[in-house]
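Down below is the structure, laid out as structure tokens.
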Number of protein chains: 2
Amino acid sequence: MTLNAPNTGKANMTAESIASALSLAIHEHRLAPGTKLGEDDLSDIYGVSRTTVRTALLSLSHQQIIEIKRNRGAFVAQPSLIEAHEVFEARELLEPRTARSAALHATPDDVALLKDHITQEHAALDAGDRGRALYLSGKFHLEIARIAKQQTVADMINVLIARSSLIIALYWRRESALCESQAHHALIKAIGENDGTRSEELMQSHLVDLHSALNLHELPPVEQNLRAMLLGDAQR
Amino acid sequence: MTLNAPNTGKANMTAESIASALSLAIHEHRLAPGTKLGEDDLSDIYGVSRTTVRTALLSLSHQQIIEIKRNRGAFVAQPSLIEAHEVFEARELLEPRTARSAALHATPDDVALLKDHITQEHAALDAGDRGRALYLSGKFHLEIARIAKQQTVADMINVLIARSSLIIALYWRRESALCESQAHHALIKAIGENDGTRSEELMQSHLVDLHSALNLHELPPVEQNLRAMLLGDAQR
DNA sequence: GCACACAATATTGTATACAATCATGTTGTA
DNA sequence: TACAACATGATTGTATACAATATTGTGTGC
């Protein structure tokens, strides 16, 4: 298993850093939806007591990144198709107008930071690290909320982005990983020109685009997947 | 201190029920912003170990209802003025369009439920229980999100409502507690007529109205309050 | 008498121990 | 052989014990 976060196993592992490490691993699709997160395993891996692990898991469950089933343990969340739609609908409520606000607030430094983000994302893609590219792509959206100076909305978007990553793991249809790069470039341009209206429009259409790239008819939860795996695709 | 939730001190107190009890107490302004929530006190009150209390507190801190300061304990949150504006801005992003959606989904039963909510709220006001009336008023907004069948957005609104209650405790200006009753009645009417556009407009103006009822120049955090309490209002 | 340092106390943070629950493997019986 | 009841092991839930940190009280030196 690949849980090698930056400081795995080292000392000074707080509940927060463990939560971050797990969150990153899930973001980057190193941990698949449905994966069991045993407390003993994690306490061994990170060298802390189960108490600390449980705090971290509780934190992640509040972000709906993992699901804690009573007396059965923690599992990487498997958003249903309904939840998937809800998440993208929520993003469509929050992000377009946040992008407008960001465009009005953005300084040249902000724009440079966004460009740097895209550069890193491309570098990750070139290195074949799709997971990291996806993570950085999410951070791009979060950065826009930060520029808009709206921490409360940024926090909500952050959670929605994490859940989006799980949704993409389960329901993504398109093959090309580059498909959104154009949208992000156009957004940067509009934000750099302090064009609020255009930024809002671009964000809106970008999100609709992402939303429409979901495979709406796939049956995701493990049980159904098990069916498919055992009976072959014909039964789906 | 008045922490007498429905089943205070009784058996079968889970972390969740403790969190609910505390959340309700904060909602109803029985616990003021800044109040220290000592772990030993709570474990005595509810008859559980500190472990259970801590999970409850952690849950509330994730909703930003309380603030946990490392090595110093948990306190009822004291949103800053900036946060106050952010919370209402976020609500203005989410709730109007959710109200529209609710209007399109609403069944007669839903409308009856909303009316019942208002009746209860009036009853609480007549009984002089302003705290409970405020709580019910918040639940009214949450109910609309539920009718819209958007759990993800409903969860976010739920958190924002709780924080709004704290904000009202700190920054509320108006005297009349009835001021929003009209707005809620109008909303029910529009939703009952399945008039999405009007519902959205009404919710928007209702939120703007609430937002504008905040005292923008009040200095809230305890430190300043302490100054005021010790030096008198002249120093503010 | 005042400020600073130090000690005592109280409270939180973390680890460990025990209890409860669930999953699984075994055995007995029809 | 098939099924059910039971026993075993593993894993989570809760409580307690210990360590670390912050707060408060006291004393000493100037």
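Letters A, B, ... are given to chains in the order of the sequence lines, protein chains preceding strands, and every chain is numbered from 1.
- Applying the 4.0 Å criterion to OP1 and OP2 of D:dG13, one finds that B:T52 has every side-chain N and O outside that range.
- Considering only heavy atoms from C-beta on, B:R163 comes within 4.5 Å of B:V159 through its side chain.
- Here A:K36 reaches the OP1 or OP2 of D:dT12: one of its side-chain N or O atoms lies under 4.0 Å away.
- For C:dG13, one of the phosphate oxygens OP1 or OP2 lies less than 4.0 angstrom from a side-chain nitrogen or oxygen of B:R54.
- With DNA chain C read from its 5' end, the first of the two nearest nucleotides for B:D40 and A:S49 is the one closest to B:D40.
- Within 4.0 Å of A:R70, counting heavy atoms only, lie sugar-phosphate atoms of the nucleic acid but no base atom.
- For the pair B:T51 and D:dG13, the criterion of a side-chain N or O lying under 4.0 Å from OP1 or OP2 is not met.
- Regarding B:L58, its CG atom lies at a distance of 14 Å from the P atom of C:dT12, rounded to whole Å.
- Residue whose closest nucleotide on DNA chain D sits further toward the 5' end, between B:N71 and A:G73: A:G73.
- Rounded to an integer number of Å, the gap from A:I18 CD1 to C:dT14 C1' is 12 Å.
- For the pair A:R50 CZ and D:dT14 P, the interatomic distance rounds to 11 Å; values are reported in whole Å.
- The distance between atom CG of A:D44 and atom P of C:dT16, rounded to the nearest whole Å, is 11 Å.
- The shortest side-chain heavy-atom distance between A:H184 and A:E121 falls under the 4.5 Å cut-off.
- Side-chain N/O atoms of A:R72 include none lying less than 4.0 angstrom from OP1 or OP2 on D:dT12.
- Rounded to whole Å, the distance from CD1 on B:I68 to C1' on D:dT21 is 16 Å.
- Between B:E39 atom CD and D:dA15 atom C1' there is a gap of 14 Å when expressed in whole angstrom units.
- Side-chain contact between A:V87 and A:I167 is present, with at least one heavy-atom pair separated by less than 4.5 Å.
- In this structure, the CG atom of B:L57 is 15 Å from the P atom of C:dT14, given to the nearest Å.
- Side chains of A:K139 and A:N158 form a contact here, defined as non-hydrogen atoms less than 4.5 Å apart.
- Residue A:D110 comes nearest to A:H105 through the heavy atom pair OD2-O, 4.1 Å, listed as atom of the first residue, atom of the second, then distance.
- Rounded to an integer number of Å, the gap from NZ of B:K69 to C1' of D:dT23 is 14 Å.
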